[in-house]
Amino acid sequence: MRTQVGIVGAGPAGLLLSHLLHLHGIESVVLEARSRQHVEERVRAGVLEQGTVDLLNKTGVGERMMRQGLVHQGIELQFGGRRHRIDFASLTGGKSVMIYAQNEVVRDLTNARLAAGGQVFFEVEDVRVQDFDGPKPKIHFRRDGAAQELNCDFVAGCDGFHGVCRPSIPAGVLTVFERIYPFAWLGILVEAPPSSKELIYAYHERGFALLSMRSPTISRLYIQCPPEEEISAWRDQRIWSELHKRLAIAGWELREGPVLQKSITGMRSFVVEPMQCGRLFLAGDSAHIVPPTGAKGLNLAASDVQVLARALVEYYTSGHTKLLDQYSETCLRRIWKVQRFSWWMTSMLHRFSEDNPFDQRRQLAELDYVTSSNAASQTLAENYVGLPMN
Ligand SMILES: Cc1cc2nc3c(=O)[nH]c(=O)nc-3n(C[C@H](O)[C@H](O)[C@H](O)COP(=O)(O)OP(=O)(O)OC[C@H]3O[C@@H](n4cnc5c(N)ncnc54)[C@H](O)[C@@H]3O)c2cc1C
């Protein structure tokens, strides 16, 4: 089998890359380990930056998002028993974010690829990337039990944090930058209309809480918990009780509903440099992870593949490799700024230890500053709606 670009992973990064390449007449094959149903139902992120929304619209896959997504023009920061709104529209010259679940983005992209005759192979096994240090990379895999070989000009490693592409790069090429946080997020997906029109980020002495949503009928709520915690230790009643305490405010009520899903996710910041090795290019979570407090993981995946698609288009139209050679450097400039923002939001809003009153006073002062200074509010808003795409 032969194609121009072999893409490992049918998450947002892999599917969007395949879609962008197709719009420029470049062929790709996407190889995905999980089933189509699994990928389309996997609950993850849900906040799209203005630039991601614009990209999906511009490339013809934003129609359902524009119909069903929720435009948010601000967020609430809660601390000391009060809520303070950060108004994106006035602070960023009219920008906003879109609430639209990641799995719906994946569904729209999959439908678009398949409708255009794109090759997306689900449930492939034993994917191995080889020979990417030379001009003829190969991807070996098994499909319906049969061994297959895909010859391609380039390989895009869009296979997430636990994929095979990054570990295939020889030792010594990549430098890892990492921070593991001493807490995790326990998240629940709830069948109930959101109790607030906008997201509420709550700093509380019991730990951080976030009220978010995926649609007008589905709420998504999170609480900070110890990283070693087992989900079985958290019965629904215990989770609701904690959410009520951390999000409480006079005159407001948290609406409960059936819990559809619950999970605990560890929190880390992670970047590898460079994001390329020969003809293998890493994009999205395979190259970097951000703690979800800034709602950036999916958006970073979109901005990486936009850069990669542009570089591949340059190569196929002119034979030049200038943009491909600069891929890592171009992406990393934006990635590090987004890492900084995600780390900052995480550091401001979570309890790091039980017994450090200095840090707690400092966090409260920071929240007070962010919500009372126009300059500080603007900094938060500018980053939240998204820095300019590369
Ligand atoms: C559990 C979890 C919860 C998250 N929750 C949030 C959240 O609440 N808010 C937020 O802002 N962000 C969240 N994120 C981050 C966000 O969802 C990611 O940043 C985003 O999915 C990145 O997209 P991606 O395409 O790079 O990677 P992924 O979405 O991980 O896609 C990678 C794809 O590659 C496939 N794959 C992996 N290995 C192989 C292999 N060997 N062969 C073939 N295919 C393979 C995977 O099945 C997957 O479909 C969450 C991430 C995770 C992992």
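Counting convention: from 1, in listed order, for ligands and their atoms alike.
Using a 4.0 Å cut-off to heavy atoms of Val127, the atoms of ligand 1 that qualify are 42 (N). Close contacts between ligand 1 and Gly297 involve ligand atoms 19 (O) [criterion: under 4.0 Å to a heavy atom].
Scanning all protein heavy atoms for the shortest distance to atom 31 (O) of ligand 1 gives Gly11 CA, 3.5 Å. Taking atom 41 (N) of ligand 1 as the reference point, the nearest protein heavy-atom neighbour is Val164 CG1, 3.5 Å. The nearest protein atom to atom 33 (C) of ligand 1, hydrogens excluded, is given as Glu32 OE1, 3.6 Å; this is a heavy-atom distance. Closest protein heavy atom to atom 17 (O) of ligand 1: Gln102 OE1, 2.7 Å. Taking atom 25 (O) of ligand 1 as the reference point, the nearest protein heavy-atom neighbour is Ala13 N, 2.9 Å. If you check which protein heavy atom lies closest to atom 37 (C) of ligand 1, you get Asp159 O, 3.2 Å.
Across all their heavy atoms, Ala192 and Ser219 have their closest contact at O-OG, 2.7 Å. The minimum heavy-atom distance linking Lys296 with Asn383 is given by the pair NZ-O, 2.7 Å. Across Ser195 and Glu253, no two heavy atoms sit closer than the pair CB-O, 3.8 Å.
No part of Val47 comes within 4.0 Å of ligand 1, judged by heavy-atom distances. At a 4.0 Å heavy-atom cut-off, ligand 1 touches Asp285 through backbone and side chain alike.
Arg220 and Tyr222 are linked by a side-chain donor-acceptor pair at a separation below 3.5 angstrom, with hydrogens and angles left out of the test. Between the side chains of Arg143 and Gln148, no donor-acceptor pair is found at a separation under 3.5 Å. Donor-acceptor pairing under 3.5 Å is recorded for the side chains of Glu273 and Trp336.
With ring centers used as reference points, Tyr315 lies under 6.0 Å from Phe154.
When Trp185, Tyr181, Tyr203, Phe183 are each tested for a ring pair (Phe, Tyr, Trp, His ring centres under 6.0 Å) with Phe208, only one passes: Trp185. Of the listed residues (Arg64, Arg113, Arg67), just one forms a salt bridge (charged side-chain N to carboxylate O under 4.0 Å, His left out) with Asp108, and that residue is Arg64.
Backbone and side-chain nitrogen or oxygen atoms of Pro12 are examined, and one is located within less than 3.5 angstrom of a nitrogen or oxygen of ligand 1. The shortest N or O to N or O distance between Ala301 and ligand 1 is not under 3.5 Å. An N or O contact shorter than 3.5 Å links Ala33 to ligand 1 by distance. The shortest N/O to N/O separation between His162 and ligand 1 does not fall below 3.5 Å. For the pair Ser286 and ligand 1, the shortest N or O to N or O distance does not fall below 3.5 Å.
For Arg42, the heavy-atom gap to ligand 1 drops under 4.0 angstrom.
Counting heavy atoms only, Arg44 comes closest to atom 5 (N) of ligand 1 of the residues Arg44, Glu123, Arg128, Arg214.
Taking CZ from Arg107 and CD from Gln102, the interatomic distance works out to 12.5 Å, rounded to the nearest 0.5 Å.
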